[in-house]
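Structure first, then comments.
Residue numbers run from 1 in the order of the sequence given. In this text, all values refer to a predicted model and were calculated from it rather than measured experimentally.
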Amino acid sequence: MPRSTSSSSAKGGPVTVAMVAARAGVSKQTVSNALNSPELLRPETLERVRRAIDEMGYRPSRAAQSLRTRSSKLIGYGMRPSPPGTTFPVMDRFLHALSEAADQAGYRIVLFAERAGDTSLKGYEELLAQNDVDAFVISDTAERGDPRQAWLAKRDVPFVAFGRMWSKRQIGDWVDVDGACGTDAAVEHLIALGHRNIAFLGWRRGSGIGDNRAEGWQRAMRRHGLATRGRRVESADDVDAARAAVKPLLDAGATAVVAVSDTVALGCYYALRERGATPGRDVAVVGFDDSPIAANLSPGLTTLAQPLEEIGRECVRILLARIAAPAAPPERILLDPSLVVRDSAPTPDA
C-alpha cells in the first residue's frame, strides 16, 4: 500500500492510506485504486477519495507510486573518494557518461557515499530496504575480497560492474577496459619511434588492473625480443612516489617509459625535469587514462584513453537487459583503449 512522505496529520504524524480511507468512507484498497488504477472506480467514488486526499494533504511516496510497476527508474551508484595523491581521477568522467546514458533510457542515478573496505554494505542495504532503486552500478572492483558482487547476487539484485573481478570466480555482469591491449599498443608505437630500452612504471604487484597493464607491456617487449628484466619498477598511484620510483629506470638508460596511469606519468615528468631532461625529446613517456590535464602538460602527454562514453552506454544497456531477464547468462565485455598521441611520444614522422 502507498505510504506518505511529506504530508502529516493533525497529531503531527504522517497521513496514511488508512486515514484517507476512513475520511472517504472507503477501503484502503479503494484508495490504492484511486491512486494507481482510477479506471476501476465509479466516478462518484473516485471523486470522494480524491476530495479526501486533497483535504488531508496526502502525498504518496515515490516508492509507493512505483509499486504498480515495481520500478522506481532509479539506479544506485556508490561514490568512493579518490585516494590521496591521485591527481587525475577517471571516475567523475565515467559517472557523467553513465548518468547521460541512464537519462536517455528514462532512468536516474542515485549517488550514495561508499568507502573501500566497508564490508557492511550499509548504503546498499538501506536503499533496498527503502525500495528506492531498481539496480546498482558498481566500480573500483580491483580490491581482492570485494563482497559487493556476491552480496547483490545472493539477493537477486540486478547490478553491473565497471571492472572485472580480479579473482578466479567471476560473478555477474561487467564492462571493462583491456589494459593489456593498451600498453601493448603503446610499446608498438614506441618501437616505431626507434626505442628499444622501454621501461614500465607500474603499480605494486597484486593490483589486478596494474598487473594487467604490465602484462601488455611485457607481451609486446617479448614479441620483439626486447629485454624486460630490470625494466619494471613499482609505485603507489601518487605523483611523488612515482617521481622517486622511476629514477632507477632513468639511471639505467631507459629511452622510453610506459606508465600505468597519467598520475605516475606526471611523476616521471618531474623526475626528468630534475635531471634537466625534457619528456619526448630526451625520454618518451606514455601514460594511461587521458586525464584532462594530459593535453595541457608541456609537452602534451601521449596516453591511452578509456572509452568512457561507450562504457556508460554498455553498463546501462546490460543493466536494463538484466532487469528484464534476471536468469539470462552474464554479459562480460572488454573494450579497447585508444592511443592519443602527443609530444611526449610523437608520431614516428614528427
Side-chain angles (χ1 to χ4, degrees), residues 1-6 14 17 32-33 35-38 59-80 91-116 118-141 146-165 170-176 308-333 335:
M1 287 293 179
R3 53 189 173 83
S4 174
T5 52
S6 58
V17 169
S32 179
N33 288 341
L35 293 166
N36 298 316
S37 303
R59 294 294 181 270
S61 70
R62 178 188 291 272
Q65 290 174 318
S66 72
L67 285 177
R68 184 159 52 105
T69 61
R70 292 293 178 189
S71 175
S72 67
K73 298 293 185 181
L74 299 175
I75 297 169
Y77 179 76
M79 288 288 291
R80 292 182 173 185
M91 299 317 297
D92 58 342
R93 292 168 58 194
F94 165 68
L95 179 57
H96 182 271
L98 180 71
S99 300
E100 190 170 54
D103 183 65
Q104 291 172 357
Y107 280 73
R108 293 289 184 273
I109 302 298
V110 176
L111 302 180
F112 62 98
E114 182 183 12
R115 295 201 173 275
D118 180 10
T119 59
S120 69
L121 302 183
K122 183 179 178 182
Y124 293 86
E125 195 164 19
E126 287 180 349
L127 283 176
L128 290 173
Q130 295 165 8
N131 210 21
D132 279 348
V133 298
D134 294 333
F136 289 93
V137 174
I138 63 176
S139 61
D140 296 315
T141 61
D146 190 329
R148 293 175 295 173
Q149 293 94 327
W151 191 92
L152 292 166
K154 182 179 180 180
R155 289 158 179 78
D156 295 321
V157 178
F159 73 93
V160 63
F162 172 19
R164 284 165 276 182
M165 294 182 70
Q170 296 290 307
I171 303 173
D173 304 307
W174 51 255
V175 182
D176 202 5
L308 296 174
E309 289 73 22
E310 186 176 0
I311 293 168
R313 290 193 299 270
E314 285 295 302
C315 281
V316 171
R317 180 191 65 77
I318 290 173
L319 200 56
L320 298 187
R322 176 61 54 201
I323 292 171
E331 283 199 61
R332 289 157 188 169
I333 297 176
L335 300 173

Looking at Gln170 and Arg164, would you say the former's side chain and the latter's main chain have a donor-acceptor pair under 3.5 Å? no
Where Leu308 and Phe94 come nearest, the two heavy atoms and their spacing: CD1-N, 4.1 Å
Counterpart residues, ring-ring contact (aromatic ring centres under 6.0 Å, His included), relative to Phe159 (two or more places apart): none
Here the salt bridge (Lys or Arg N to Asp or Glu O under 4.0 Å) pairs for residues 314-327, sequence neighbours left out, are Asp173-Arg322, Glu314-Arg317, Arg317-Glu331
Only one of Ile318, Leu98, Ile138 passes side chain to side chain contact (heavy atoms under 4.5 Å, CB included) with Val160; say which it is. Ile318
Applying ring-ring contact (aromatic ring centres under 6.0 Å, His included) to Tyr107 and not counting sequence neighbours gives none
Sorted by chain and number, sequence neighbours left out, salt bridge (charged side-chain N to carboxylate O under 4.0 Å, His left out) with Asp140 holds for none
Nearest heavy-atom pair of Gly76 and Val133: which atoms, and what distance? N-CG1, 3.9 Å
Measuring from Ile171:CD1 to Thr141:OG1, what's the distance to the nearest 0.5 Å? 12.0 Å
How long is the gap from CG on Asp176 to CD1 on Ile333, to the nearest 0.5 Å? 11.0 Å
Whether Tyr124 and Phe136 hold their rings parallel, tilted or perpendicular, with breakpoints at 30° and 60°: tilted
List in chain and number order the residues that pass side-chain contact (heavy atoms from CB on, under 4.5 Å) with Ala113, two or more places apart in sequence or in another chain; answer none if no residue qualifies. none
One should read off an interatomic distance between Arg93 CZ and Ile311 CD1, to the nearest 0.5 angstrom, of 10.0 Å
Would you name the heavy atoms of Ala102 and Val316 that are closest together and state the gap between them? N-CG2, 3.7 Å
Could you tell me which residues satisfy side-chain hydrogen bond (donor to acceptor under 3.5 Å, both in side chains) with Ser139, sequence neighbours excluded, listed by chain and number? Tyr77
Asp134 and Ser72 have their tightest heavy-atom pair at OD1-N, 2.8 Å
Set of residues satisfying side-chain contact (heavy atoms from CB on, under 4.5 Å) with respect to Glu126, sequence neighbours excluded: Lys122, Gln130
For Arg313, all residues meeting salt bridge (charged side-chain N to carboxylate O under 4.0 Å, His left out), sequence neighbours excluded: none
Check: Asp103 and Arg108 side chains under 4.5 Å, non-hydrogen atoms: yes
Show me the donor-acceptor pairs, under 3.5 Å and distance only, between side chains in residues 149-157 and residues at least two apart or in other chains.
unit_1 : atom_1 : unit_2 : atom_2 : d
Arg155 : NH1    : Trp151 : O      : 3.0

Measure across Pro330 and Gly172 and return the closest heavy-atom pair with its distance rounded to 0.1 Å. CB-O, 3.8 Å
Can you tell me how far apart CG (Leu111) and CE (Met79) are? Round to the nearest 0.5 Å. 6.0 Å
Rounded to the nearest 0.5 Å, what's the gap from CG on Leu127 to CG on Leu121? Could you check? 11.5 Å
Nearest heavy-atom contact between Gly312 and Ala101 is O-CB, 3.7 Å
